Amino acid sequence: MRDTAKASDLLDWYDTHARTLPWRTSPSDRAAGIMPDPYAVWLSEIMLQQTTVAAVKSYFTRFLLLWPTVEALAAARDEDVMAEWAGLGYYARARNLLKCARAVTELGGFPQTRAELEALPGIGPYTSAAISSIAYDHPETVLDGNVERVMSRLYTVLEPLPDSKETLRAHAAGLTPDQRAGDYAQAVMDLGATLCTPKSPACGICPWRAPCTARAEGIADTLPRKRPKAAKPTRLGIAYIARREDGAWLMERRPDKGLLGGMLGWPGAAWGDERVAAPPLEADWQKVNAEALHTFTHFHLRLDIHIAILPQDVEIEGLEFVPKHSFSPKALPTVMRKAFDLAQSAFNTASQ
DNA sequence: CATACGTGGGG
DNA sequence: TCCCCAAGTAT
């Protein structure tokens with residue numbers, strides 16, 4: 001008879017192979033009663049939503065330096081937080097981060113239960129379970145992309161995602177231990193991230209190699225199955241990048257809802273099937289001989305760049321001039337930074 | 001329940 | 001080059 005997967009085998013593996021991460025309390029420290037700061041757990045989990053560990057590390061460290069407590073973050077200015085989040089993507093997370101920090105401050109601290117956590121902005125089924133287990137050792141079951149992959153292989157779940165999600169959740173719940181819930185949650189995700197990887201899983205050194213049914217059948221690397229994705233259409237647009245004579249840049253704060261919501265960007269017509277020539281004001285606009293190319297989650301974008309120098313006295317309704325000394329390309333979403341880089345080259349060429 | 005929502009790295 | 005994907009959530 002084949003082995004049954006046991007949490008203890010995974011925990012033993014985690015005790016010696018846990019990754020060292022800036023937001024993580026090691027299994028030996030946890031065993032000694034040292035628990036992580038719930039604020040750090042929450043912050044890291046929000047940043048890690050659909051985002052790689054490598055991308056998150058520097059943002060996490062920077063946020064903790066600037067805002068060491070949830071109260072400090074709650075008191076931050078919105079535009080400062082959005083500027084620091086720039087480049088990390090999924091900007092609704094940053095807006096919800098502030099809402100959540102302010103709600104938690106009002107509550108006097110983070111709640112511990114899944115239900116209470118899930119009532120907060122930006123915290124869904126996965127993140128509530130992650131915080132409750134990692135910060136408080138509540139025996140909640142985390143189900144993220146890693147766990148879905150591990151469970152689909154351990155139990156050979158052939159039904160494609162997302163239809164198989166509840167089946168996978170049941171398997172994951174059956175394995176979740178009452179003790180060391182936080183270590184277990186991080187262990188199963190570490191397993192998915194380091195051994196049970198999407199393309200070439202390292203089954204030979206997996207602590208669950210014996211009970212893994214997909215490995216026994218030689219089909220581990222084909223799971224989980226997923227429904228095919230829709231092709232990405234290409235949209236077109238124009239970015240109008242204007243510099244005032246004193247060096248200030250003409251920019252707009254995008255509305256909170258929708259793509260790049262709450263972020264600073266360049267004025268320009270809405271992106272669609274064709275480029276609509278609608279500059280924000282009359283000026284001697286020059287078309288830059290290069291496009292900014294960018295791919296979002298669900299479409300490709302080709303952005304023409306138009307540049308102009310504006311006189312000192314101009315004002316435009318709904319737009320703002322960002323002074324030279326407070327302007328930083330790093331505070332822009334990546335597509336806007338790409339557009340800026342092309343514009344800057346053009347400005348430099350024009351002035352030579 | 002399906003879709004919108006970023007980005008950078010790897011195969 | 002291009003597609004896949006990464007500690008998902010909101011609507």
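Since the structure is predicted, the reported quantities are computational estimates derived from the model, not experimental observations. By convention in this document, chain letters (A, B, ...) are assigned in the order of the sequence lines, proteins followed by strands, and residues within each chain are numbered from 1.
- For A:R93 against C:dA6, a side-chain-to-base donor-acceptor contact under 3.5 Å is absent.
- Side-chain nitrogen and oxygen atoms of A:R24 include none within less than 4.0 Å of the OP1 or OP2 phosphate oxygen of C:dA7.
- Contact annotation for A:W23: base contact, defined as any heavy-atom pair under 4.0 Å involving a base atom.
- If you check C:dA10, B:dG6, C:dA7 against the side chain of A:N96, the one that comes closest is C:dA10.
- For A:Y126 and A:E45, the side-chain atoms include at least one donor-acceptor pair closer than 3.5 Å.
- Judged by closest nucleotide on DNA chain C, A:P198 is the one of A:K165 and A:P198 placed further toward the 5' end.
- Ranking B:dG6, B:dT7, C:dA7 by closeness to the A:D144 side chain, first place goes to C:dA7.
- Relative to the side chain of A:P125, the nucleotides B:dG6, C:dC5, C:dT9 differ in distance, and C:dT9 lies closest.
- Contact annotation: side chain of A:T297 to base of B:dG6, donor-acceptor pair present below 3.5 Å.
- Checking the phosphate oxygens (OP1, OP2) of C:dG8, a side-chain nitrogen or oxygen of A:Q50 falls inside 4.0 Å.
- Closest to the side chain of A:T52, from the set B:dG6, C:dA7, C:dA6, is C:dA6.
- Rounding to the nearest 0.5 angstrom, the gap separating the CD1 atom in A:I131 from the CD1 atom in A:I123 is 4.0 Å.
- Taking atom NZ of residue A:K338 and atom C1' of nucleotide B:dG6, one finds them 10 Å apart after rounding to whole Å.
- In this structure, CD1 on A:I134 lies 10.5 Å from CH2 on A:W23, to the nearest 0.5 angstrom.
- The side chain of A:K226 lies closest to C:dC5 when the candidates are C:dA7, C:dC5, B:dT7.
- Side-chain proximity of A:Y126 to the nucleotides B:dG8, C:dC5, C:dG8 is greatest for C:dG8.
- When heavy atoms are screened at a 4.0 angstrom cut-off, A:R19 is found touching base atoms of the nucleic acid.
- Distance CH2 (A:W271) to P (B:dG6): 10 Å, rounded to an integer number of Å.
- Each of A:A54 and A:L88 lies near DNA chain B, and the nucleotide nearest A:L88 is the one positioned closer to the 5' end.
- Residue contacts for A:T127: at a heavy-atom cut-off of 4.0 Å it reaches the sugar-phosphate backbone alone, with no base atom in range.
- Between A:Q49 atom CD and B:dC5 atom C1' the separation is 12 Å, expressed in whole Å.
- Within the 4.0 angstrom heavy-atom criterion, only backbone atoms of the sugar-phosphate kind lie near A:R337; the bases stay farther away.
- A:F299 and A:F296 have their aromatic ring centers within a separation under 6.0 angstrom.
- Among the atoms of the strands shown, none is found under 4.0 Å from any heavy atom of A:G261.
- Map A:Y91 and A:R227 each onto its nearest nucleotide of DNA chain B; the residue landing nearer the 5' end is A:R227.
- One can place NE2 of A:H298 at 15 Å from C1' of C:dT9, the figure rounded to the nearest angstrom.
- Checking A:E159 against A:S164 by side-chain atom types alone, no donor-acceptor pair falls below 3.5 Å.
- The CG atom of A:L191 sits 11 Å away from the P atom of C:dA7 (whole-angstrom rounding).
- Not a single donor-acceptor pair, N or O on each side, falls under 3.5 Å between the base of B:dG8 and the side chain of A:T334.
- Of the candidates B:dG6, B:dG8, C:dT11, C:dT11 carries the atom nearest the A:K257 side chain, counting heavy atoms from C-beta on.
- Each of A:P121 and A:K199 was matched to the nucleotide of DNA chain C holding its nearest heavy atom; the match closer to the 5' end belongs to A:K199.
- Summarising the geometry, the separation between CD on A:E118 and P on C:dA10 is reported as 8 Å, rounded to the nearest angstrom.
- For the P atoms, the distance linking B:dT3 with C:dA7 amounts to 24 Å, nearest Å.
- Of all nucleotides listed (C:dA7, C:dT11, C:dC5), C:dA7 comes nearest to the side chain of A:N146.
- Among the candidates A:D190, A:D183, A:D29, the single residue satisfying the salt bridge (charged side-chain N to carboxylate O under 4.0 Å, His left out) test with A:R24 is A:D190.
- For the atom pair NE2 of A:H306 and CZ of A:R275, the computed distance is 7.5 Å after rounding to the nearest 0.5 Å.
- Within the 4.0 angstrom heavy-atom criterion, no nucleotide atom of any strand lies near A:G192.
- Between A:M47 atom CE and B:dG6 atom P there is a gap of 16 Å when expressed in whole angstrom units.
- Residue A:Y90 places a side-chain atom within donor-acceptor reach of the base of B:dG6, judged by atom type and a 3.5 Å distance cut-off alone.
- Closest to the A:L260 side chain, of the nucleotides C:dA7, B:dG6, C:dT11, is B:dG6.
- A 6.0 Å sphere centred on CD of A:E315 holds no more than 12 heavy atoms belonging to other residues, nucleotides or ligands.
- Counting any heavy atom pair closer than 4.0 Å across all strands shown, A:L21 reaches a base atom.
- To the nearest angstrom, P of C:dC2 lies 13 Å from NZ of A:K232.
- On the P atoms, C:dT9 is 22 Å away from B:dG8, given to the nearest whole Å.
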